[in-house]
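The model shown is predicted, which means the values in this text are computed figures rather than measured ones. Numbered from 1 within each chain, the chains take letters A, B, ... in sequence-line order.
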Amino acid sequence: MPAITLPDGSVRSFDGPVTGTTVAESIGAGLARAALAMEVDGKLCDISREIVADAGVRFVTRKDPEALELIRHDAAHVLAEAVQSLFPGTQVTIGPSIENGFYYDFYRNQPFTPEDFAAIEQRMKEIVAEAEPFVREVWPRDQAIAFFEEKGERFKAELIRDLPAGEDISVYRQGEWLDLCRGPHLRTTKDVGTAFKLMKVAGAYWRGDHRNPMLTRVYGTAWRDQKELDAHLHQLEEAERRDHRRIGREMSLFHFQEEAVGQVFWHHKGWRLYTALQDYMRRAQTRHGYQEVKTPQLVDRGLWEASGHWDKYRHHMFIATVEDEDKTLALKPMNCPCHVQIFRHGLRSYRELPLRMAEFGSCHRYEPSGALHGLMRVRGFVQDDAHIFCTEDQIADETVKFVKMLYEVYQDLGFEHVRVKFADRPEERAGSDETWDKAESALKEACLTAGVEYEHNPGEGAFYGPKLEFVLRDAIGRDWQCGTLQVDLVLPDRLDASFIGEDSARHRPVMLHRAILGSFERFLGILIEQHAGRFPLWLAPVQVVVASIVSDAAPYAEEVAAALRDAGLSVEADTRNDKINAKIREHSVARVPVILVVGRREAEQRTVAMRRLGSQDQTMAGLEEIVQQLKAEATPPDLRKKSTH
RNA sequence: GCCCUUAUAGCUCAGUGGUAGAGCAACCGCCUUGUAAGCGGUAGGUCGUGGGUUCAAAUCCUACUGAGGGCACCA
């Protein structure tokens, strides 16, 4: 006699076990039509499942978030059926729903190519139209293994073997075809709808392990309706328009070439952006009590052996030798061992702690070729790196200070949304479990003190210590991990760093590794995409263009440009013999934030007509007034705050 | 590193076995111009590199290099 409690609190009783479908029908024909699945006591399941005991039930309709996931998961099943019917001999593996869509990994001697998509999509649409019900069956494990092995589906058989004992082995049928699957699913293939599209093929290792065979993965996107699909495709186009590699080329910020793979050729406009950011960071560091240092690029392998990096990372390091000298050096892949050398140089007193040592550290890492991606992943980069040498007692306080600085910087740079993750000990690590216990609890406590709320990111810590990861969200909703704070009790020991304590004895300092931007290269990539190249005035590589209308106004245009240049702005005068329309267009396309137009009238009256990027309006103002206004506006946010204090 | 895709003029792209093309940009000239492309002309490419097939290769095959999308990696 199950009593079903609905979300509105009403209760319905039934004589015996009932399916969700029956319950929905008992409520109303409309709901019965709309209900795709249900949640029983908080657990999502097929609407055709029987409810045997009292339960709270909520029906999932197409507009619920769960529906989207089911649509995507089911689309993966439909994809798999389509592929197996078109390409016999292809083995199925797994096909989950993912953000914005789904994928399915197949094993086939000949990988799929995008040219196969049209046929597969066509077949998928046929399967959807057939409206085959998804039927769940529970099989004995041996039968399931035998069935899939019989069909030559060795990957599926392996999956079943590895399922925990006692777990139901469920398969879902859709017409003739079936797949091992935990479920739940929609009612029929028809519920998948037709708002899906196959997007790309990719290789993917079986079970994510590079020692396993490479499968061929087909990615698709799927939505509730055509409108949502179109919106998503439009969003992808928008992301492409913002792509920093495209904008970098269009604005002539930087380029890459074969002779220096993974390293940036910064052009003068890009470098202006870079230095504006670096100047800002330098001021922030100074303000927050950091000492800036600069350490060598090429360092003897002995130091890397001592630090433990040689052992773990030498295949990712650029190694250098000289003919006349029997030495091996490496381009530094990070700065910490060098900073320890400065710390160790001479006796340190507890009175000097915490000692915050910062460096715009130029590092090189031999990143795998497949990992390179524009500015986001490069082989030569500069970190806004710092190491805080302190006592264990100071960890919490330093964490509070760091977090404050980090939020201040992100806010100044236009990022409001920040998440924090706590990454704890990885499988492969240096230092004893006891050391790790200590480091992890110290960092957790510091978070508590700092009022930082974090998500758990298990096993993702650095090899020498746990870390906080700061993830910021950009204007189009993508997440980027930039900032980090890592507690390190291992390296000071390995490199024998010590200080003299109050008790006149030697003690080991703790090292906090920390960065806010991460790398300048990557962060600039993010900034470019965040603003789509339309930077706030203080960051814009060219802040103002003064465009003359007639050649008579050219001298005045030069004068205006000179006045702005004197005020510290980056300005160009465009006095070419061209139509003003063409000039406006050209500089707008180049994303110059301010265009000052001057003709005969302005020259006579000593005024300018100011036009902002993205606006059709123009405002007239006196030269002096405009210089003052733009000068104030071009002041970096930290300096602006200062002047208003 | 692995899988797929890809490489033609500065940029965006056309050209699928038979004498390398377009638009924009560049350069030259005319126009002195009032807020997102004025008009005309000129120049520019051993088709990523090396092999191969063919009477003939930008085009087909192959290797390498770079790039793009994933996977793996990310101190």
List for me each residue that meets side-chain hydrogen bond (donor to acceptor under 3.5 Å, both in side chains) alongside [X], sequence neighbours excluded, and say none if there are none.
X      : answer
A:S97  : none
A:T435 : A:S432
A:R154 : none
A:Q383 : A:N335

Between [N] and [M], how many Å separate the two [atom1] atoms, rounded to a whole number?
N      : M      : atom1 : value
B:rA56 : B:rU19 : P     : 15 Å
B:rC74 : B:rU6  : P     : 31 Å
B:rA58 : B:rA7  : P     : 15 Å
B:rA36 : B:rA57 : C1'   : 44 Å
B:rG66 : B:rU49 : P     : 15 Å
B:rU65 : B:rA26 : P     : 37 Å
B:rC55 : B:rG70 : P     : 45 Å
B:rC24 : B:rU5  : P     : 35 Å

Open item on the list: For A:H309 and A:F463: C-alpha separation, side-chain torsions, deciding distance, then whether ring-ring contact (aromatic ring centres under 6.0 Å, His included) applies.
Closed with: CA-CA 10 Å; A:H309 291 102; A:F463 78 96; 5.5 Å; yes
TODO: Quick one: the dot-bracket string of RNA chain B, using Watson-Crick and G-U wobble pairs with both distances under 3.5 Å, [ ] for crossing pairs and | for bases paired to another strand.
DONE: (((((((..((((....[..)))).(((((.......))))).....(((((..]....))))))))))))....
Between [Y] and [X], is there a side-chain heavy-atom distance shorter than 4.5 Å?
X      : Y      : result
A:F535 : A:P593 : no
A:Y205 : A:P213 : no
A:E153 : A:Q84  : yes
A:L331 : A:L298 : yes
A:Y556 : A:E602 : yes

Just the rounded figure in Å: distance from [atom2] of [N] to [atom1] of [X].
X      : N      : atom1 : atom2 : result
A:L198 : B:rU5  : CG    : P     : 16 Å
A:M251 : B:rA25 : CE    : C1'   : 17 Å
A:E604 : B:rG34 : CD    : C1'   : 14 Å
A:M199 : B:rU5  : CE    : C1'   : 15 Å
A:R108 : B:rC4  : CZ    : C1'   : 13 Å
A:E586 : B:rA26 : CD    : C1'   : 12 Å
A:R585 : B:rA36 : CZ    : C1'   : 6 Å
A:R612 : B:rA36 : CZ    : P     : 17 Å

Task: side chain to side chain contact (heavy atoms under 4.5 Å, CB included) partners of A:P555, counting only residues at least two apart - done: none
Open item on the list: Just N and O in the side chain of A:Q616: are any of them under 4.0 Å from OP1 or OP2 of B:rA36?
Closed with: yes
Task: A:R249 side chain near B:rU12 phosphate (N/O to OP1/OP2, under 4.0 Å) - done: yes
Task: Letter per nucleotide, 5' to 3', of nucleotides 65-75 of chain B [B base touched, S only sugar-phosphate touched, - untouched; heavy atoms, 4.0 Å] - done: SSSSBBBBBBB
Task: Sequence-aligned protein contact record of nucleotides 38-47 of chain B, with B where the base is within under 4.0 Å of a protein heavy atom and S where only the sugar-phosphate is - done: B---------
Open item on the list: When you compare the side chains of A:T295 and A:E359, does any donor N or O come within less than 3.5 Å of an acceptor on the partner?
Closed with: yes
Open item on the list: Do A:D424 and A:H456 pair up side chain to side chain, a donor and an acceptor below 3.5 Å, judged on atom types alone?
Closed with: yes
TODO: Just call it for A:E428: base, sugar-phosphate, or nothing, with non-hydrogen atoms closer than 4.0 Å on any strand.
DONE: nothing
- [ ] With sequence neighbours left out, write down each residue that passes ring-ring contact (aromatic ring centres under 6.0 Å, His included) with A:F360, or none if nothing qualifies.
- [x] A:F520
Open item on the list: Between A:R344 and A:D496 (side chain of the first, backbone of the second, donor and acceptor by atom type, cut-off under 3.5 Å), is there such a pair?
Closed with: yes
Task: Backbone N/O of A:E240 and side chain of A:R246: donor-acceptor pair under 3.5 Å - done: yes
TODO: Check each residue of residues 87-103 of chain A for a non-hydrogen atom within less than 4.0 Å of any atom in RNA chain B, then write out the ones that pass by number, or none.
DONE: none
- [ ] Kindly state which residues belonging to residues 543-558 of chain A come within less than 4.0 angstrom of RNA chain B, counting heavy atoms of the residue only, listed by number.
- [x] A:I549, A:V550, A:S551
Open item on the list: Among A:F155, A:F112, A:W206, which residue satisfies the ring-ring contact (aromatic ring centres under 6.0 Å, His included) criterion with A:F106?
Closed with: A:F112
Task: RNA chain B: 5'-proximal contact among A:G599 and A:T113 (nearest heavy atom) - done: A:T113
Task: salt bridge (charged side-chain N to carboxylate O under 4.0 Å, His left out) partners of A:K197, counting only residues at least two apart - done: none
